[in-house]
Asks: 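Got a structure for you, questions after.
From a predicted model like this one, the values you see are computed outputs, not experimental measurements. The sequence lines fix the lettering, A, B, ..., with proteins before strands; numbering per chain opens at 1. As a basis for the values below, the full set of heavy atoms in this structure was taken, side chains included, without hydrogen atoms, waters or symmetry mates.
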There are 2 protein chains.
Amino acid sequence: MGQMEQDPVQAIAKRLKMERESRTWSLADLAERSGVSKAMISKIERSEASPTATVLGRLSGAFGLPLSVLLALAEREQERVASHREQPVWTDPETGYTRRAVSPPNSVLELIEVFLPAHVRVPYPASAFAFQHQQIWVLSGRLDFQEGTVLHHLSEGDCLLLGSPADCTFFNPGTEPTRYVVALTRR
Amino acid sequence: MGQMEQDPVQAIAKRLKMERESRTWSLADLAERSGVSKAMISKIERSEASPTATVLGRLSGAFGLPLSVLLALAEREQERVASHREQPVWTDPETGYTRRAVSPPNSVLELIEVFLPAHVRVPYPASAFAFQHQQIWVLSGRLDFQEGTVLHHLSEGDCLLLGSPADCTFFNPGTEPTRYVVALTRR
DNA sequence: CAGATTCGTCTTCTATAGTGGATAAAGAAA
DNA sequence: TTTCTTTATCCACTATAGAAGACGAATCTG
C-alpha cells in the first residue's frame with residue numbers, strides 16, 4: 001500500500017516547499033503566480049492546513065506541473081538505480097514467458113520487460129491491472145493483444161495505450177520471440 | 001499544458017463517481033470505507049465542493065489507489081494507439097542524435113526512444129526536464145549519464161531513476177550506437 | 001548607524017468544506 | 001395499492017480553508 005492512503009498533508013507540505021525553494025521563489029512570488037494567498041501557502045507548507053483540490057490545482061499550475069505529477073513526486077522517496085542484474089525476473093517454466101521488473105522498486109512509473117516466445121498465449125484478468133495507467137510497446141517481433149472484445153495487431157515499434165479495465169490476452173502470432181515493454185503507473 | 005492547470009474539481013468529480021460505480025458501491029458504502037460523510041461525497045461528485053487533500057487521501061485510500069494515480073486517471077482521456085510510422089521523430093543533422101516519441105500524445109506517461117551515435121555528447125539543462133518523474137533505460141550499448149556532479153555508467157539493461165532537477169549530459173563512450181528509453185510523466 | 005526592503009508568520013474576518021440527520025424518490029416485497 | 005428498504009440530495013450547523021493586511025525579524029543600502 002502506498003503512503004498516500006494516510007493523510008497526504010505532510011508529504012504535500014514537504015514537496016511544495018521543495019518545489020518553491022528550488023525555484024528560489026518567495027511566498028509572495030508563488031502567491032502572485034498561483035493566485036493563492038501567501039498566508040495560506042505558509043500554512044500548507046507547515047502542514048497547518050489541508051489544501052483543497054482547487055488550491056492544489058492553482059499551485060501545481062504555477063509550477064507547470066500536472067497535479068498528479070506533483071503528488072507522485074510527493075509520494076516517492078526511494079533508491080535510484082536498478083542495475084540489470086538486480087532486476088527481479090520471473091519465468092514461466094512451461095511456456096518460457098519471462099517478465100523483468102526494470103524499474104527500481106516503489107516507482108510511481110514502472111517499466112516491465114517481457115519476452116514472449118513464439119505462439120505463446122498469456123491471459124490477463126481485468127482485476128490484475130485494473131485502474132492503472134498502462135502502455136504496451138513492442139520492441140521486437142509481433143504481438144496480438146486482445147483487450148476485451150477489441151483485437152490489436154501490434155508490430156515492432158508500435159505503442160498501445162490501454163483503456164478501461166478489461167480481460168486481456170497477449171499472443172505472439174509469429175515464429176520469433178516477441179519482446180515488449182509494459183509501462184504503468186503503480187498503485 | 002496539462003488540463004490540471006485549471007480547476008481539477010470537474011475531472012475529480014467524474015473520476016470519483018466512475019470509481020465508485022464501477023465497484024457498485026453506494027454513497028453510504030464509500031462513506032463507511034473512507035470515513036468521509038456521504039453528503040460530502042455527493043457534493044464532490046456533483047462538483048459542488050472542492051475536496052481537501054485530507055479528504056482526497058481518504059477516498060483514494062478506500063479505492064486502494066495512491067492519490068497521484070487517482071488524479072492521473074482523472075487527467076487523461078485521449079486516443080489510444082500510436083503506430084510506429086505515426087510517431088514523431090527528430091534527428092540532429094549534426095550528430096545523428098535521434099528522438100522518437102513513442103507514446104500517444106497527451107499521455108500522462110511518456111516513452112521516448114533515443115538513438116545516440118558513438119562518441120556523441122548531448123547536454124540537457126535542468127530547466128528542460130525539471131520536476132518530472134523520469135527514468136532512463138538502456139536497450140543496447142553503453143551510456144555515461146552525468147547528473148549534476150554524479151556520473152552514472154550504465155550498461156545494456158540498466159535503468160536509472162532521475163533525482164532532483166540538475167544539469168545533465170548524455171554521452172555514448174562506446175564505438176557502437178547506444179539505444180535507450182526515456183520514460184517520464186508529462187506535464 | 002538609520003531607513004527601506006523583503007522575508008515568513010500571525011491576526012482577523014469571510015467563504016465554504018465537512019458532518020449528522022431529515023427528506024424525497026424509486027424499487028421490492030407484501 | 002401499502003409498507004419497508006435503499007438510493008441520493010437537501011438542510012442546519014460547525015469546523016476550517018482561504019484572503020487581506022499587520023507585524024516582527026532579517027537583510028540590504030546609504
Side-chain angles (χ1 to χ4, degrees), chain A residues 4-68 70-71 73-75, chain B residues 4-68 70-71 74-75 131:
Chain A
M4 283 320 238
E5 289 169 30
Q6 60 229 37
D7 199 329
V9 164
Q10 314 274 336
I12 290 172
K14 192 173 161 189
R15 187 73 209 179
L16 229 41
K17 182 162 189 164
M18 197 273 227
E19 293 290 338
R20 180 176 66 82
E21 291 183 341
S22 73
R23 290 168 172 79
T24 62
W25 292 353
S26 66
L27 288 180
D29 290 334
L30 179 55
E32 191 186 8
R33 289 170 186 261
S34 64
V36 179
S37 70
K38 60 178 187 169
M40 181 49 54
I41 298 171
S42 175
K43 277 193 202 168
I44 295 169
E45 287 189 353
R46 285 174 294 130
S47 310
E48 293 196 355
S50 184
T52 59
T54 301
V55 162
L56 285 176
R58 292 204 198 119
L59 293 172
S60 63
F63 291 133
L65 294 172
L67 184 46
S68 64
L70 184 71
L71 294 182
L73 290 167
E75 281 168 1
Chain B
M4 285 318 240
E5 290 171 26
Q6 60 229 36
D7 197 329
V9 163
Q10 314 273 337
I12 290 172
K14 193 173 161 188
R15 188 73 210 179
L16 229 42
K17 182 163 190 165
M18 196 274 226
E19 293 290 338
R20 180 176 64 83
E21 291 183 342
S22 73
R23 290 168 171 78
T24 65
W25 291 353
S26 67
L27 288 179
D29 291 335
L30 180 55
E32 190 186 10
R33 289 169 186 261
S34 64
V36 179
S37 71
K38 58 180 185 164
M40 181 49 54
I41 298 171
S42 175
K43 278 191 201 170
I44 295 169
E45 287 189 353
R46 285 175 294 130
S47 310
E48 293 197 355
S50 184
T52 58
T54 302
V55 162
L56 283 176
R58 292 205 198 118
L59 292 173
S60 64
F63 291 132
L65 294 171
L67 184 46
S68 64
L70 184 70
L71 294 183
E75 282 168 1
F131 319 110

Asks: Measure from CG on B:D7 to P on D:dG18 and round the result to the nearest Å.
Replies: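 Rounded to the whole Å, the gap is 11 Å.
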Asks: Whole angstroms only, please: what is the CH2-P distance between B:W25 and D:dT6?
Replies: 19 Å
Asks: Rounded to the nearest Å, what distance is computed from the CD atom of residue A:E45 to the C1' atom of nucleotide D:dG18?
Replies: 15 Å
Asks: Indicate yes or no for a side-chain donor-acceptor contact from A:R23 to the backbone of A:E19 under 3.5 Å, with no hydrogens or angles considered.
Replies: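 Looks like yes, one N/O pair under 3.5 Å.
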Asks: So, using salt bridge (charged side-chain N to carboxylate O under 4.0 Å, His left out) as the criterion, who are the partners of A:E48 when residues are at least two apart?
Replies: A:R46
Asks: Restricting both atoms to N or O, compile the protein contacts to nucleotides 10-20 of chain C shorter than 3.5 Å, with distance only.
Replies:
unit_1, atom_1, unit_2, atom_2, d
C:dC10, OP2, A:R46, NH1, 3.0
C:dG18, OP1, B:T52, N, 3.1
C:dG18, OP1, B:T52, OG1, 2.2
C:dG18, OP2, B:T52, N, 3.4
C:dG18, N7, B:K43, NZ, 3.3
C:dT19, OP2, B:S37, N, 2.9
C:dT19, OP2, B:S37, OG, 2.8

Asks: Does the side chain of B:R20 get closer than 4.0 angstrom to OP1 or OP2 of D:dT7 through an N or O atom?
Replies: no
Asks: Atom CG of A:L16 to atom C1' of C:dG8: distance rounded to whole Å?
Replies: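 Taking atom C1' of C:dG8 as the reference, CG of A:L16 is at 15 Å.
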Asks: Mind checking salt bridge (charged side-chain N to carboxylate O under 4.0 Å, His left out) for A:R33 and listing every partner two or more places apart, or none if nothing turns up?
Replies: none
Asks: Rounding to an integer number of Å, can you tell me how far A:E32 CD sits from C:dG8 P?
Replies: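 Checked: the CD to P distance equals 14 Å.
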Asks: Taking ring pair (Phe, Tyr, Trp, His ring centres under 6.0 Å) as the cut-off, I'd like each qualifying pair that reaches into residues 20-46 of chain B, sequence neighbours left out, listed once.
Replies: B:W25-B:F63
Asks: Between C:dT5 atom C1' and A:D29 atom CG, what is the distance in whole Å?
Replies: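 In whole Å, C:dT5 C1' lies 14 Å from A:D29 CG.
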Asks: Just to verify, what does A:E32 make a side chain to side chain contact (heavy atoms under 4.5 Å, CB included) with, not counting sequence neighbours?
Replies: none
Asks: The criterion is side chain to side chain contact (heavy atoms under 4.5 Å, CB included); which residues satisfy it with A:A31, sequence neighbours excluded?
Replies: A:K38, A:I41
Asks: Distance check needed: C:dT6 P versus A:L27 CG, whole Å only.
Replies: 15 Å
